[in-house]
Amino acid sequence: MPELPEVETTRRDLEVRVRGRRIVEVCFDQSGVSPARGLGPLELADALRGRSFERLSRRGKYLIAHLDGGDALVFHRRMTGNLIHRRPTDPPDPFTRATIALDDGSELRWTDMRRFGTWDLTSDPENAVPGIGPEPLSDEWTVDDLGAALAGRTAPIKAVLLDQRRIAGLGNIYADESLHLAGIHPERAAGSLSRDEIERLHRTIREVLALAIDLQGSSAQHHVGGLGQRGSMQDEWRAYHRTGEPCRTCGTAIARTRVAGRGTHFCPRCQPATSTASAG
DNA sequence: CTTATTCCCTGATTGC
DNA sequence: TGCAATCAGGGAATAA
């Protein structure tokens with residue numbers, strides 16, 4: 001599913017291709033459902049027609065398309081959303097819910113099998129995502145910041161990693177992967193992590209996100225990049241979606257449980273429930 | 001303020 | 001083989 005690396009992949013792919021392009025028309029499928037809360041398909045098309053893209057930015061899992069005039073169209077791909085740049089003559093993409101025609105004859109196709117994705121038109125792009133936590137790949141995000149986000153919390157560490165108010169952009173895949181690399185059990189109380197564990201986790205979060213961006217994201221399920229290409233990070237998964245398969249570090253079968261309502265994968269040996277001893 | 005639960009959606013998978 | 005139940009999960013809403 002699209003997490004920070006998948007959204008960043010799309011941003012990089014599309015930025016150069018939509019910059020300066022004017023929206024000629026926006027067409028939605030026949031469902032009558034708009035991905036924009038509070039705006040129907042026709043209203044949304046009216047609001048976007050004639051506007052130009054200035055740049056694309058990202059905040060956590062949100063893709064922000066800055067428009068001329070100072071406002072922005074904010075996309076969230078949720079589970080199955082993709083934004084793909086195509087020519088009209090390219091073969092159809094399955095589950096295309098909307099098409100944005102551009103003034104150079106190309107188009108952006110919004111595909112979203114499960115229709116969870118959202119568009120949000122805002123006049124205040126700087127505050128497009130209120131309450132969201134720090135960007136984990138930013139130079140300004142320190143070990144101390146992570147420590148402060150975890151301090152005193154009794155919730156499982158994985159639940160805190162998934163909480164977008166604490167850290168922006170981690171989802172189920174990269175939470176599991178970061179914890180495996182750090183050797184930390186996903187059900188450990190967040191506030192119980194030692195300084196050494198917090199340092200390891202800070203490092204592995206950044207490592208796994210950076211690698212995933214290099215590999216253009218994980219495409220085991222639905223994600224494709226802005227040109228329709230698959231990523232290859234799924235080949236590097238060490239925990240996520242590997243139930244019963246051998247841990248790449250120690251060979252122990254990867255276990256599966258449920259944390260914060262999400263399927264959770266970990267190595268019972270490398271990620272012990274109690275120890276603070278090293279791993280990763 | 002906190003943590004836990006439900007719901008949205010639809011194709012894939014599982015169970016009988 | 002067929003059909004129903006379950007599963008996948010980000011985040012908003014709701015509950016406690």
Side-chain angles (χ1 to χ4, degrees), chain A residues 1-10 28-39 41 58-64 74-83 92-98 110-120 122 127-133 135-136 148-179 186-192 205 209 212 217-224 233-234 237 239-244 254-266:
Chain A
M1 60 293 317
E3 305 179 21
L4 187 156
E6 287 74 25
V7 178
E8 179 63 18
T9 297
T10 295
F28 296 90
D29 70 358
Q30 294 307 304
S31 69
V33 177
S34 160
R37 289 154 296 187
L39 276 184
R58 181 190 56 73
R59 190 73 174 87
K61 304 173 192 174
Y62 294 81
L63 180 65
I64 304 172
V74 182
F75 298 91
H76 197 301
R77 297 165 58 188
R78 295 288 183 103
M79 304 300 302
T80 61
N82 282 301
L83 200 56
D93 289 288
F95 310 110
T96 297
R97 309 303 190 188
W110 171 254
T111 69
D112 187 11
M113 183 185 85
R114 289 165 69 178
R115 300 181 191 270
F116 274 23
T118 58
W119 298 12
D120 196 19
T122 176
N127 298 297
V129 193
I132 196 171
E135 287 291 324
L150 307 185
R153 308 210 171 274
T154 59
I157 178 62
K158 172 158 174 182
V160 177
L161 293 184
L162 291 175
D163 185 343
Q164 302 300 296
R165 297 170 302 177
R166 311 290 169 201
I167 307 165
L170 287 178
N172 212 34
I173 295 172
Y174 301 113
D176 280 3
E177 292 299 302
S178 300
L179 287 168
E187 292 177 294
R188 291 274 308 283
S192 76
I205 287 170
L209 293 177
S218 298
S219 289
Q221 292 103 342
H222 299 91
H223 160 75
V224 293
M233 183 64 192
Q234 68 277 7
W237 287 348
Y240 182 79
H241 213 274
R242 296 192 66 242
T243 310
I254 296 295
R256 187 178 192 280
T257 183
R258 185 164 284 267
V259 178
R262 302 294 177 244
T264 296
H265 315 74
F266 66 100

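Residue numbers begin at 1 in each chain, while the letters A, B, ... track the order of the sequences.
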Checklist line | Out of C/dA12, C/dG10, C/dA8, whichever nucleotide has its closest atom nearest the side chain of A/Lys61 | finding: C/dG10
Notebook entry, point to check: Side chains of A/Asp29 and A/Ser31: is there a donor and an acceptor less than 3.5 Å apart?
Noted result: yes
Between [X] and [N], does any side-chain N or O lie under 4.0 Å from OP1 or OP2?
X        : N      : value
A/Gln164 : C/dG10 : no
A/Arg258 : C/dA8  : yes
A/His76  : C/dG11 : yes
A/Arg77  : C/dG10 : no

Check: For A/Ile132 and C/dA12, what is the distance between atoms CD1 and C1' respectively, to the nearest whole Å?
Finding: 14 Å
Check: For DNA chain B, which nucleotides open and close the run of contacts to chain A, 5' to 3', at under 4.0 angstrom from a non-hydrogen atom?
Finding: B/dT2 to B/dG11
Note to self: Can you tell me which residue among A/Arg242, A/Arg256, A/Arg262, A/His265 is in a side chain to side chain donor-acceptor pair (under 3.5 Å) with A/Asp176?
What the structure shows: A/His265
Next item on the list: Establish whether the base of C/dA8 is bridged to the side chain of A/Arg114 by a donor-acceptor pair shorter than 3.5 Å.
Entry: yes
Checklist line | Side-chain ion pair, A/Glu135 and A/Arg59, N-O less than 4.0 Å | finding: yes
Item checked: For A/Gly169 against A/Glu3, the heavy-atom pair lying closest together -> O-CB, 3.6 Å
Next item on the list: Mind running a 4.0 Å heavy-atom check of residues 149-157 of chain A against DNA chain B and sending the residues that fall below it, in number order?
Entry: A/Arg153, A/Thr154, A/Ala155
